[in-house]
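Notes follow once the structure below has been shown.
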Amino acid sequence: MTARLQSAILAIEGRLTFPLCAVLLFVPGLLAMLLLPPGSYVADQWAHAYRVSGILNGDIVAHPVDSLSTYHCVPGEAWGGRVSDDLIALSLEGDRAKDGSIVIAETVLQGDGGASEVPYNNTAVYSPLAYLPQLAGMGLGSLMGLAARGSFYLAELAMLCTWALLGAAALRLLPRHRLAMLVFLLFPLCWFPYSYAISADSFSLILAVFFSCLLFRCAVRRPSDRECLLLAGAAFLLAFSKLAYAPLICTMLMLPLLHRRLHGRWILLAGFIAAIALELAWMKTAAAGFATSPAMVPYDEVARRTAGLLAQPFDAVGHILYSIAHLEGTYRFGTQAVAAFWAVMLLALGLLVWRRIALERCGRDAGAHGRETKGALATWWFWAVVWIAILGCALAAYLALYLQYNPAANPGVEGVQYRYFLPLLPSLILLVLESPGTARKDATSGFGAEDGRNREFLESKRLRRMGFRNRFR
């Protein structure tokens with residue numbers, strides 16, 4: 001990168017203020033939300049809307065229901081909750097050919113209190129934390145006495161505001177690479193429709209962006225206890241929103257390796273343990289006992305596959321490797337997006353290997369840079385763990401689809417969509433952007449816990465403090 005181009009990028013990033021970033025992230029989603037009819041743009045949209053309404057009606061944990069949908073059409077295996085009748089009526093205006101989660105009206109038994117039971121197996125596994133913005137919007141609409149359409153739009157608006165505010169905060173947290181992250185957030189496949197859609201993917205995606213940017217900031221600069229607490233909170237929400245992304249939060253446990261005697265290390269450890277323990281407890285209790293896609297894989301088969309993970313793990317491994325090797329993907333840009341993700345993963349792996357070779361060569365040099373090389377190796381291990389965590393999240397998504405969605409006759413894994421990889425891209429982008437430049441910096445100046453500019457700032461601050469003290473001696 002030329003010095004002129006680098007200075008131009010730094011100048012642009014310096015002008016990306018919080019209000020400007022929030023507006024840039026808010027406007028595209030607002031236009032799409034107003035121009036498109038409800039439920040016409042995201043897979044299983046109405047199953048997510050049913051889930052939000054069910055939580056608001058008190059059904060936090062799903063239970064068996066008698067009504068059916070095209071997606072949940074097996075009697076005795078439909079699980080859901082009580083959904084407002086006006087939201088059911090609004091969903092029936094949708095196209096069942098595009099969204100099989102829309103309930104079949106003839107199977108709905110009219111309930112009491114303006115709510116009836118409908119199935120939503122595939123979204124019943126998500127905890128209420130995965131729908132926090134949408135719950136706030138739809139709950140406010142109910143309190144205001146709005147019709148179903150008004151509450152629906154209010155839930156979308158709440159998600160859009162959350163997207164804009166968290167996204168702008170994430171960009172401001174980055175010490176560098178703000179422009180690249182802004183381009184990612186403004187990429188159409190990223191913000192449409194997840195910047196405003198009523199979906200568990202919406203909140204988990206922007207949480208992953210915020211977590212990745214804050215983690216990078218804490219890796220480059222020594223974090224305060226407040227930043228450690230904020231990072232642990234973001235990790236808790238991310239892991240509790242979707243268990244498949246739990247491996248990503250393991251990366252925050254590497255921060256004590258970068259910063260010696262980090263005061264907030266116990267905060268990070270407590271947040272990690274709480275997130276994993278509560279998510280496993282949720283999956284064991286509230287999200288157990290039913291299949292998310294009974295028409296594809298009945299519950300008995302799900303239980304058999306789950307039990308066979310320890311007895312015969314090679315069956316699941318074979319399906320996952322086959323799917324990855326053949327770049328299987330569904331929905332919009334499925335195959336192309338899957339191919340692009342694994343290509344970037346291989347690129348990141350190659351950069352990590354090249355960087356390690358450069359560090360090994362530097363390590364053979366005597367004396368002068370020994371201390372700096374140790375810091376550089378700690379940084380390399382941090383990014384290596386980030387890559388491994390991203391790989392773990394991707395494989396967890398494949399495993400979940402194999403267990404719950406993959407037909408027995410399919411040699412690969414059915415249902416792989418690009419949206420499962422979107423929350424992994426912020427960390428992957430930062431890894432790729434850091435590797436080429438910092439490998440040379442590692443080999444010469446020992447890039448470790450802080451970058452060169454931050455170390456110079458800390459040193460100048462220490463000298464000023466010493467001068468101030470000497471003045472009063």
No-hydrogen, no-angle side-chain donor-acceptor test under 3.5 Å, Asn122 and His72: yes
side-chain contact (heavy atoms from CB on, under 4.5 Å) against Thr335, all qualifying residues, sequence neighbours excluded: Leu327
Neighbour count above 12 (heavy atom, 6.0 Å) for His263 NE2: no
Stepwise side chain to side chain contact (heavy atoms under 4.5 Å, CB included) test for Leu182 and Leu25: CA-CA 9 Å; Leu182 178 63; Leu25 298 176; 4.2 Å; yes
Carboxylate-amine/guanidinium proximity below 4.0 Å for Asp201 and Arg419: yes
Summary of salt bridge (charged side-chain N to carboxylate O under 4.0 Å, His left out) pairs that have at least one residue in residues 281-303, sequence neighbours excluded: Glu301-Arg304, Glu301-Arg305
Residues forming a side-chain contact (heavy atoms from CB on, under 4.5 Å) with Ala62, sequence neighbours excluded: Trp79, Ala124
Parallel, tilted or perpendicular: ring planes of Phe236 versus Phe240, cut at 30 and 60 degrees: parallel
Plane angle bin for Tyr126 and Tyr131 - parallel if under 30°, tilted between 30 and 60°, otherwise perpendicular: perpendicular
Side chain Ser91, main chain Ile88, donor-acceptor under 3.5 Å: yes
Tyr194 and Tyr418 aromatic ring geometry - parallel, tilted or perpendicular at 30°/60° bounds: perpendicular
Glu13/Arg176 salt bridge by N-O under 4.0 Å criterion: no
